[in-house]
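A short write-up of the structure that comes next.
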Amino acid sequence: MSDRYNFELIEKKWQVEWEKTNAHRTKPNHKPKFYCLEMFPYPSGKLHMGHVRNYSIGDVLARYKTMQGFNVLHPMGWDAFGLPAENAAIQHHTHPAKWTFANMDRMRDQLKSLAFSYDWQREYATCKPDYYKWTQWLFLKFWERGLVYRKEQLVNWCPSCATVLANEQVVDGACERCSTKVTRKNLEQWFFKITDYADRLLNNLDNLPGWPEKVKAMQRNWIGRSEGTVIKFQVNEKEYLECFTTRADTLFGVTYVVLAPEHHLVEKLIKDKAEEQKCRAFIEEVLAQDEIDRLSTEAEKKGVFTGSYATNPLTGEKVPIWLANYVVGSYGTGAVMAVPAHDSRDYAFASQYNLPIKYVVFPENEPLPENCAYEADGILKNSDTFNGMKNREAIKAITEELTKRKLGHFQVNYRLRDWLISRQRYWGAPIPMLYCDHCGIVPVDEKDLPVLLPTDVEFKANGENPLKTSAKFQSVTCPKCGGKARRESDTMDTFVDSSWYYLRYTSQPEDKICDLEEAKYWMNVDQYIGGVEHAILHLMYSRFINMVLYDMGISPKEEPFENLLTQGMVLLGGTKMSKSKGNIVDPDEMIKAYGADTCRLFVLFAAPPERDLEWSDAGIEGAYRFINRVWRLVYELAPVIAGVPYKEVSRDGLSSDDRKIQQKLHETLAKVTEDLGVKFQLNTAISSIMELVNELYQVKDYSTINKELLRQTVDNLLLMLAPFIPFVASELWEYTGHKTDVHKASWPNYDTELALAEEVEIVLQINGKIKDRLLVPQDATKEELEQIAKESDKIQALLEGRTIRKIIAVPGKLVNIVAG
RNA sequence: GCGGACGUGGCGGAAUUGGCAGACGCGCUAGACUUAGGAUCUAGUGGACGACCUCCGUGGGGGUUCAAAUCCCCCCGUCCGCACCA
């Protein structure tokens with residue numbers, strides 16, 4: 001072995017070795033299991049630093065758990081369907097598959113060069129037929145269970161991607177992928193009924209203690225459960241408007257009703273009215289606006305009277321019906337009973353259009369505030385038989401009254417909408433449905449799966465779905481009647497592919513989505529690691545799909561991810577690295593310059609996993625320097641400990657210099673074990689290993705140190721480093737005489753007794769200010785400490801002429817003397 | 001507006017069961033080795049003071065306590081998510 005750290009040489013050597021021995025292959029066995037999963041990547045072409053960070057965190061955990069005796073499942077695969085492949089196909093006149101598989105090959109090599117301990121035999125890609133067959137099968141099962149439906153409605157359309165998008169994929173009114181402003185279109189699309197699971201998705205969050213509060217809060221917010229009352233306002237003999245409200249107590253304060261311009265009754269309400277033209281112009285104006293402008297809080301409230309009236313079900317009073325931009329068509333019923341006296345939005349609108357304001361809830365001990373809505377609790381007035389009631393009780397009482405008279409009912413509403421899963425693109429799993437002239441919508445027979453993507457297609461820049469250019473694909477015979485049918489040309493949202501992938505890692509049978517026994521052994525994912533950007537999208541869809549699979553008896557657990565770690569972003573110059581900003585640090589270049597171990601060590605050391613990490617060229621230098629320090633240390637020590645067998649050394653017969661090393665070793669073992677196993681603080685684990693190395697550098701002459709202790713110390717140092725810098729640890733482990741891989745060894749034990757120094761420094765305080773420090777026996781009692789403190793010359797001098805009021809002694813820490 | 005996180009040296013960050021603030025790393029300063037060193041090793045490095053003593057110091061203000069970065073109250077600021085959801 002060279003005295004110089006040559007990372008190129010050793011990284012190549014061990015990579016070949018691990019490949020040859022199939023080092024990370026795992027199968028179910030008698031040991032306790034640990035399923036460690038990092039979010040699989042989209043094969044965009046190259047790994048970025050975010051990947052390196054994500055996968056380094058996971059790899060440390062997987063290797064650590066393995067050394068701890070767990071049977072660790074640590075797989076990797078590809079989220080391989082998606083639009084960039086199709087764009088590349090258009091640009092380079094190639095096929096999306098070609099581009100995708102080439103990227104996968106390149107990225108797989110990168111992952112291997114970083115020493116990530118994946119069981120590569122479990123690798124798959126979601127774009128391969130043997131995977132998407134089961135995505136399609138899932139779709140059919142959802143159809144059977146009534147969880148799929150097709151419906152025409154106003155949907156989000158991305159003009160650049162030329163496809164519809166789910167609500168979750170619209171961020172600030174723009175496409176989550178390409179940032180193009182999203183427009184609205186009335187289209188017939190496929191939906192998954194995620195709203196059927198809203199309550200379960202919400203309630204289960206309380207049973208996920210291993211998830212960050214932030215992610216749970218975001219999901220709660222997104223689901224947006226609210227309890228209220230649907231109230232019917234008659235508009236003519238046959239028809240009524242349903243309004244959803246959480247404030248049924250204010251029903252007597254309603255002075256008008258407002259509809260979203262897209263409400264289904266609008267047409268009838270304005271027909272042949274004097275206001276018809278004005279209304280039509282208004283509707284056109286509002287619908288032309290994009291969602292973001294229209295629904296921004298800052299937007300001016302605008303509205304127009306329809307010419308029609310609605311009847312308040314309890315008072316019988318007729319109130320005008322208005323259209324307004326501030327009512328959301330897709331939430332609740334799209335109609336709102338307006339109570340300007342008790343809702344600030346209605347108040348603003350009413351003031352602007354001179355609509356009446358009628359107070360019905362009054363504060364108990366203070367006057368009504370002026371010139372604004374009163375939204376807090378109080379006592380009902382002007383409310384007929386409900387007068388004098390507390391408003392909270394009135395909500396129930398009025399809802400009951402309405403229910404009794406069949407004029408309304410209690411209702412739970414969600415902000416969550418059903419998941420729009422169809423996409424007008426080629427590179428996705430085809431939706432396995434047919435349109436038959438006789439039978440209507442017919443599902444593909446299970447035995448006919450997978451519905452393969454055709455290859456006789458054209459990729460044109462005009463945005464047309466390429467699947468529509470394949471005649472062979474589109475024309476089929478109906479499995480029901482044998483007649484002519486047309487195949488659905490939409491494909492599934494790629495989030496469907498990634499919502500069940502963790503199950504497919506547990507086993508990949510040809511005839512089943514996964515093997516139940518294997519799934520039972522491996523599930524749940526014990527630790528899931530990925531970016532917080534998936535807090536809602538991927539993480540909620542996965543919970544939903546898995547919940548359905550659980551109900552079907554396929555997934556053994558209702559919630560798929562036991563513990564979730566959302567790692568922070570990698571920043572350069574304070575902002576997220578991105579191609580468009582040009583602030584990219586390329587992992588390949590870093591590996592070339594410093595080696596993979598240095599890259600891993602730096603991203604793990606520079607910040608705690610869940611916090612953002614600022615890239616630093618000086619910082620990675622530091623990591624490199626540390627590895628070199630370890631290298632030189634072990635290189636120098638190897639001859640000293642050559643032939644010395646490993647043994648856990650006791651305290652007996654050690655010199656004080658020996659003891660210093662032994663104490664530091666056990667202290668470090670304890671700290672690293674706790675940081676890795678309990679706190680998951682990789683940065684502090686590394687810093688304590690650095691301290692141990694520093695301690696060993698303090699030794700002037702190694703020949704004076706107990707050889708067995710040195711052997712134990714060097715071995716344990718390498719074992720602790722093994723999860724972080726696998727190449728270097730393996731090489732040095734071999735160099736110090738071991739025949740088997742360091743990662744096959746057990747995590748070292750430590751002795752808390754030996755981790756304590758015989759003497760500790762305590763501080764002596766007077767009135768909380770430090771006045772002296774001294775070394776005392778580690779096990780000195782309170783009484784002994786008090787005695788020692790009083791005997792200190794410095795303390796005695798300072799206490800001259802003062803009276804001691806109180807003495808507080810904390811063994812191992814300090815003595816504080818309170819003196820007057 | 002609602003929800004979540006956070007505020008500590010020149011920088012990244014330690015210390016949160018109340019008990020030595022600033023571990024570890026970067027940077028900086030000095031020295032050693034050296035033909036040379038942006039290599040390596042050693043020492044130092046929160047601020048005020050040449051040093052000693054001492055005082056100040058964890059966003060700001062108040063409080064509890066023998067003792068507060070840590071607990072409580074008020075305020076300021078930063079980041080993230082949601083936001084006219086009735």
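Order of the sequence lines sets the chain letters (A, B, ...), proteins ahead of strands, with each chain counted from 1. All values below come from the heavy atoms of this structure, side chains included, with hydrogens, waters and symmetry mates left out. Since this is a predicted model, take the numbers as computed values, not measurements.
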Exercise. Does NZ or CZ of A:Arg600 lie under 6.0 Å from the centre of the six-membered ring of A:Phe724, at an angle within 45° of the ring axis?
Worked result: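 Output no; distance or angle outside limits.
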
Could you give the [atom1]-to-[atom2] distance, from [X] to [N], as a whole number of Å?
X	N	atom1	atom2	value
A:Lys813	B:A21	NZ	P	12 Å
A:Gln567	B:C80	CD	P	17 Å
A:Gln765	B:C20	CD	P	8 Å
A:Leu613	B:C79	CG	C1'	16 Å
A:Asn816	B:U65	CG	P	15 Å
A:Leu785	B:C20	CG	P	15 Å
A:Met569	B:A5	CE	C1'	13 Å
A:Leu539	B:G81	CG	P	16 Å

When we call it a touch if two heavy atoms are under 4.0 Å apart, what does [X] touch: a base, just sugar-phosphate, or nothing?
X	result
A:Gln681	sugar-phosphate
A:Glu614	nothing
A:Asn683	sugar-phosphate
A:Asp612	sugar-phosphate
A:Ser344	nothing
A:Gly224	nothing
A:Arg220	nothing
A:Ile808	base
A:Val336	base
A:Pro212	nothing
A:Arg773	base
A:Asp346	nothing
A:Ser616	nothing
A:Gln698	sugar-phosphate

Exercise. Aromatic rings A:Trp631 and A:Tyr5: how do their planes relate, parallel, tilted or perpendicular, breaks at 30° and 60°?
Worked result: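 Correct class here is tilted.
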
For this session: Measure the acute angle between the ring planes of A:Phe349 and A:Tyr353, then classify it against the limits of 30° and 60° as parallel, tilted or perpendicular.
Result: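 Rings of A:Phe349 and A:Tyr353: tilted, as their planes differ by 30° to 60°.
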
Exercise. Which residue lies toward the 5' end of RNA chain B, A:Phe244 or A:Arg629, if each is placed at its nearest nucleotide?
Worked result: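 Nearest-nucleotide comparison on RNA chain B picks A:Arg629.
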
Exercise. For RNA chain B, whose closest nucleotide is more 5', that of A:Lys671 or that of A:Met337?
Worked result: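 Closest to the 5' end, via its nearest nucleotide, is A:Lys671.
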
Determine the interatomic distance between [atom1] on [N] and the same-named atom on [M]; round to the nearest Å.
N	M	atom1	result
B:G46	B:C53	P	15 Å
B:G4	B:U58	C1'	23 Å
B:C2	B:C74	P	14 Å
B:G61	B:G9	P	15 Å
B:G18	B:A69	P	13 Å
B:C41	B:G47	P	25 Å

For this session: Check every atom of B:A83, B:G25, B:U40 against the side chain of A:Arg415 and return the nucleotide holding the closest atom.
Result: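 Within the option list, the nearest is B:A83.
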
Exercise. What nucleotide among B:G27, B:G25, B:A86 has an atom nearest to a side-chain atom of A:Arg625?
Worked result: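 Taking heavy atoms from C-beta onward, the closest nucleotide is B:G27.
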
Need the pair for [N]. Rule: Watson-Crick or G-U wobble, both distances under 3.5 Å, any strand; none if unpaired.
N	answer
B:U16	none
B:U45	B:G27
B:A5	B:U78

Problem set entry | Heavy-atom check, side chain of A:Leu323 versus side chain of A:Thr306, under 4.5 Å |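 The answer is yes, as the side chains (C-beta and beyond) meet within the 4.5 Å cut-off.
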
Exercise. So how far is it from A:Trp419 CH2 to A:Ile194 CD1, rounded to the nearest 0.5 Å?
Worked result: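 Answer rounded to 0.5 Å: 6.5 Å.
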
Exercise. Checking only heavy atoms, does the side chain of A:Lys301 share a donor-acceptor pair with the base of B:C84 at less than 3.5 Å?
Worked result: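 Yes, a donor-acceptor pair under 3.5 Å.
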
For this session: Could you please spell out the steps behind the ring-ring contact (aromatic ring centres under 6.0 Å, His included) verdict for A:Tyr594 and A:Tyr624?
Result: CA-CA 7 Å; A:Tyr594 299 103; A:Tyr624 184 65; 5.5 Å; yes

Problem set entry | Polar contact flag, side-chain donor to acceptor under 3.5 angstrom, A:Arg417-A:Ser330 |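 On atom types as modelled, these side chains qualify, holding a pair under 3.5 Å.
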
